[in-house]
Amino acid sequence: MRWLRENWLDALIFLLIALVAAGIVLYLTGINPFARPQAASPPPVPQVQPPSSQAPAPEEAKPPEPVVMVIPLPQAPSEAAPQPAPEAKPKAAQEAKPKPAEPTQAPPRAPAPGGSYRVAAGAFANPENALKLSRELAAKGYPARLEASGNLTRVVVGPYASEAEARRVAEALKAYGAQVYRGEAPAPREGRLYLQVGAFQKEENALALAGKLKEVGLPVVLVKDGVYRVRVGPVSPEEKEAVKAKVAALGLEAVEVP
């Protein structure tokens, strides 16, 4: 004990070194002296599967079921199903009646045959302008035609049997400056006449010829009375031969008409 009292410091150092060495050994070996012991788990029970080659046990044969004869009972006569009563139509639907169609505005009346009253809607030096107005009036239902009036082409509506009817049409066409006159188209001034160069069913052909004649300085008018007649005039008897020569130079023929 005397040695321990005199060398206690050396003993303490030796003890600490021994504890450190023991801790290193335990760490390296993975032993934890302070861990609680765990209960040992039972080993897994191996599952035994029946071999696939084993054939299933045959089912027990069941006794055959007895055959029972069922006799149908007589049925009572079925009553006819009541027919549903027709639904009554609403009173408003029964009383509703189709409304009569509203009368549309009647188109202008056709000219009376043999009438002597006409309505002049315009006169143009360019036959194409006269033709445009004629088409516009015809689209509105007016019986428009073209007449020669001196060296102008006049757009005429009619004829009508009475002056009153012609004036009603003139009132409807007052935006065009329409005027009522009586009788046929005015004859050219005395001593003057027209030379007809062509007559066509299609207006574009008539306009093409009129343009060709105007290019050489000839006064051209159109007359429409079922066909489009291209005429030059009015010309005097003295100018007639010179005008015919101009027309012939274009490869056309001019025929004198009243």
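The structure presented is a predicted model; accordingly, all values stated were derived computationally and were not measured.
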Hydrophobic cluster (4.5 angstrom, side-chain heavy atoms) - remaining members for [X]:
X: V25; value: none
X: V20; value: I24, Y27, L28
X: F14; value: none

Partner set under side chain to side chain contact (heavy atoms under 4.5 Å, CB included) for [X], not counting sequence neighbours:
X: L173; answer: L137, Y142, V157, V169, Y176, A178
X: A175; answer: none
X: V216; answer: L218, L250
X: I13; answer: L9, I17

Salt bridge (Lys or Arg N to Asp or Glu O under 4.0 Å): which pairs involve [range], sequence neighbours left out?
range: residues 7-28; value: none
range: residues 226-235; value: D225-R229
range: residues 194-218; value: R135-E203

Looking at [atom1] of [X] and [atom2] of [Y], how far apart are the two atoms once the value is rounded to the nearest 0.5 Å?
X: L222; Y: N126; atom1: CG; atom2: CG; answer: 9.0 Å
X: L146; Y: Y228; atom1: CG; atom2: OH; answer: 7.5 Å
X: R118; Y: R145; atom1: CZ; atom2: CZ; answer: 6.0 Å

Between [X] and [Y], what is the shortest heavy-atom contact and its length?
X: V221; Y: G150; value: CG1-O, 3.9 Å
X: P159; Y: S116; value: CB-N, 4.4 Å
X: L152; Y: A123; value: CD1-CB, 4.1 Å
X: T153; Y: A130; value: CG2-CB, 3.6 Å
X: G233; Y: Y194; value: C-CE2, 3.5 Å
X: L207; Y: E128; value: CD2-CA, 3.8 Å

If a pair satisfies side-chain hydrogen bond (donor to acceptor under 3.5 Å, both in side chains) and one of its residues is in residues 245-258, list it, with sequence neighbours excluded.
K240-E256
Give the cluster check for [X] versus [Y]: same hydrophobic cluster or not, with ILVMFWY residues linked at side-chain heavy-atom distances below 4.5 Å.
X: V247; Y: F200; value: yes
X: V243; Y: V220; value: yes
X: V180; Y: V155; value: yes

Does a side-chain heavy-atom distance below 4.5 Å link [X] with [Y]?
X: Y181; Y: V156; result: yes
X: L133; Y: F124; result: yes
X: P143; Y: Y160; result: yes

Candidate pair L213 and V230, rule side-chain contact (heavy atoms from CB on, under 4.5 Å), full reasoning
CA-CA 9 Å; L213 295 173; V230 182; 3.8 Å; yes
Has the side chain of S162 got a donor or acceptor atom that lies under 3.5 Å from a matching backbone atom of E165?
yes
Mark yes or no for whether E239, through its side chain, and S236, through its backbone, hold a donor-acceptor pair below 3.5 Å.
yes
With L193, the side-chain contact (heavy atoms from CB on, under 4.5 Å) member among V257, V235, V232
V235
Charged N to carboxylate O below 4.0 Å: is that the case for E171 and K174?
yes
Among residues at least two apart in sequence or on other chains, which ones pass side-chain hydrogen bond (donor to acceptor under 3.5 Å, both in side chains) with Q179?
none
